[in-house]
Every structure is written in structure tokens, then in C-alpha cells.
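Report on the following structure.
Chain letters run A, B, ... following the sequence lines, proteins first and then strands; every chain starts at 1.
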Amino acid sequence: MRFPIPTLLAVWSAAAFAGTGSSVDAETGLTTWQTESQGIQVRLTQISPDQARSFYQARGFSPAAAERYASECVFMTVVRNIGDTPIQHRLADWRYESAGVPPRAIRSKTEWERIWKQLGAAESARIAFTWAQFPDTQTFASGDWNQGMTSYSVPRGGQFDLRVVWRAGGTIHSEKLEQVKCAHENS
Amino acid sequence: MKIRKRVSKAVLAACCVFGLAVAAQAADLSPLSHSLTTQTPRPAPALKLKSLDGQLLDLTQFKGKVVLINFWATWCPPCRREMPSMERLSQALKGEAFSVLAVDVGEDADTIEAFTSQLDTTLGFPILLDTRSHTMQAWKVAGLPTTFLVDRQGRIVASAIGGREFDHPEIIRAIRELLNK
């Protein structure tokens, strides 16, 4: 991981996150994108390919299987209810869009389970994987929050927009995180 | 050789969790919450698991006590962050009809002990092993950490999704109200 001097002085301020914005962590060099709207706060923080490899090998995945996941564009995803009314999300409603590719749904845990079984991953590894992903659906009361991984089939260093959808008070809401960038191989 | 393999596995697990925790730190800048969500009381699902020290614990043994049940894993950053506050809560209510149970999903004793041994505090509450995540599924846990508060009658009365400061006065007050019922 390289840290040019200007990066070390990168801005990390609450102002960067008023509404929608991004910021680079001076220690890790990893970028976080965040949006706050209508009672929800959504954050995506880059996970580097090395971090993904290490994490899943430590959970019992073979190097080949861990590489399969690390080859995706992976983020630590946090959703927090910052309002007063319960909110509900369904990951299946979210869409990501990169240049020249129609909007796609995030690969579900069920689909990943199929891939892991095909690759012969042990049950214990598959269990760890399931719980490390961001939940497929959840209802968040005021103050509730959760984090987990989401993955996108975008090349390393590639870019996409993510449309986040949630329900609150019987109404469907959506917000966009724009120009989210995948970590490079040497992040 | 067997012991070295177990230690190496535990060290690798600890290192990789740390590596991911570094990445997750940027995502973890949000403070831990300190509220519980009140729920319409409903009977708690069955919970009967082995603890780290090999004892079989059944939630029904705790009837008459208020119980905080926390579902977690060592690789889960907010789970790790809130664990010391669970011990402080346990100490704050020592001697009262209150217990904490921490249910770990999918991990073995070595991995859990590699984590707990690096804490500044010794955990005094039982850590239970939900190796195949069947209990988590029965409790309809969607993500980690998720915590439930069970009253003296064995009913779920409150829950928390996401990391908490469990020894926050607001949470201690809520638990004392249940103890006084």
C-alpha cells in the first residue's frame, strides 16, 4: 500500500458526508462512499482483493475459492436507521450500473452458496460466508444498524453507480451512490 | 504437530480478522448505538448449546432471570467492539437475576479463544457454540450482531440490530425495569 503525501493529508470530515459524498481514509488509503436521506445512512467502504483473500482463507476457503470472491469488487456495506420510523431493505431491489452495462442486481447469498458448493467449499466456510455478507433483507428500528459485504462484478479499479432502495412508512425510497470505485489489486 | 496446526490456524484467523477490521474501521466510524427496541412479548425460541468449557446450557434453565442473548462472531467488527461493554454490563448487574449469553456462529473454540485472549478484560459470561447456525436461524437472526432481551418469563421483549454500548445507562435502565417487574 503506497501513501503519497497528499493522500496522507486527505480530507476526512463530517462535511464530506452531508448528503452524499466520499472520503479517503488516510491510514488505509481505502475510500468510503456515503449517502444520507429520508432516515437512512448507507456506506460503502472498499475492501482490497488481498483483504478479501485473507479473510475468506481464514474462514476455511481454499485459495482458489477465496480468489473467486476476491476477483469481485467487494465493499463493506453499512446501513443505519438515522430516523424515527422503521426502515426495511431488500438487497434484491438494489441495482448497480457501470458504463455500457445494463443495471444489474447484486449476486445473492443463494447464488454464492451454489458457487461454493460447486467449488467444494466446506460447510463451516459457507456458513461464515453467509453471515459475513450484508443481510438479504432486514427491518431496522431507529438506532439499528448493520454491516456486511456486498460484491459487484466490476473489474478492479472500475467504477459504478449504486441505486439503493428501501421502504419506510409504507413508501418506497431510493438514493444513488455515484461513481463508486473498486479497489485496485495493490490497494 | 496438532497443537501447532491449531495455534497457526487461530493466529491466521486473528490476523485476517485484524486485516479486515482495518478496512472496516472506515465503515465503523459510526458510534455504537445505545438503544433497545421494545417488542411485543413473544416466547423465545429454543436455545440449547454447548459452551466453550463444554457445558450444555439451556435457556429454560434461566427462567426467572432476565437474559441478554447476543449473536456474534470473532470476524464481525461491531461484535468485537461491543463485547467489552457486555462484560461491563454483566459486572454492573452482578448479584442480580440477570445473565448474558454470547452465541458464536460457526467458529471453533481455538478461534474464539484467540480473540477473547487479546481483550483487556476477561469475559465472565458463557460463550455458546452455534456451530451450524441452526440456533441463529431459529431465532430469525438476519445479520451480526443481533441481540435479544428475554424477560423472567422466557419471552423476547426487546432487541438490537447492530453494535451497542451495552453498559450505557439507557440500556441498564431498561434491564432494571424488567428486573423490578
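Annotation for B:Ser33 and A:Gly143: closest pair OG-O, 2.7 Å, computed over non-hydrogen atoms. Nearest heavy atoms, A:Ser142 versus B:Ser35: O-OG, 3.9 Å. Minimum heavy-atom separation, B:Gly143 to A:Pro135: CA-CG, 3.9 Å. Listed here is the closest heavy atom pair of B:Pro77 and A:Gln147: CG-NE2, 3.7 Å.
When heavy atoms are compared at a cutoff of 4.5 Å, A:Thr137 approaches chain B solely by way of its backbone atoms N, CA, C and O. Residue A:Thr139 touches chain B through its backbone alone, counting heavy-atom pairs closer than 4.5 Å. For B:Arg132, the parts sitting under 4.5 Å from any heavy atom of chain A are the backbone and the side chain alike. There is no contact between B:Ala73 and chain A, counting heavy-atom distances below 4.5 Å. Looking at A:Ala132, both its backbone and its side chain come within 4.5 Å of chain B, counting heavy atoms on both sides.
Within 6.0 Å of CG in A:Asp84 there are 12 or fewer heavy atoms belonging to other residues, nucleotides or ligands. The local environment of CG in B:Asn180 is crowded, with over 12 non-hydrogen atoms from other residues, nucleotides or ligands closer than 6.0 Å.
No continuous path of hydrophobic side-chain contacts links B:Leu56 to B:Met136 [ILVMFWY only; heavy atoms under 4.5 Å]. The hydrophobic clustering, which links ILVMFWY residues whose side-chain heavy atoms are closer than 4.5 Å, places A:Ile82 and A:Ile40 apart. Linking ILVMFWY residues whenever their side-chain heavy atoms come closer than 4.5 Å, directly or via other members, leaves A:Val101 and A:Tyr96 in distinct clusters.
From A:Ile127, atom CD1 reaches atom NE2 of B:His134 across 7.0 Å, with rounding to the nearest 0.5 Å. Rounding to the nearest 0.5 Å places OG1 of B:Thr131 at 9.5 Å from CD of A:Glu123. Taken from CD in A:Gln138 to NZ in B:Lys140, the straight-line distance is 14.0 Å, to the nearest 0.5 Å.
For the set A:Trp131, A:Tyr56, A:Phe140, the count of heavy-atom pairs under 4.5 angstrom toward chain B peaks at A:Trp131.
In this structure, A:Asp144 and B:Arg164 have side chains that are in contact, with non-hydrogen atoms separated by less than 4.5 Å.
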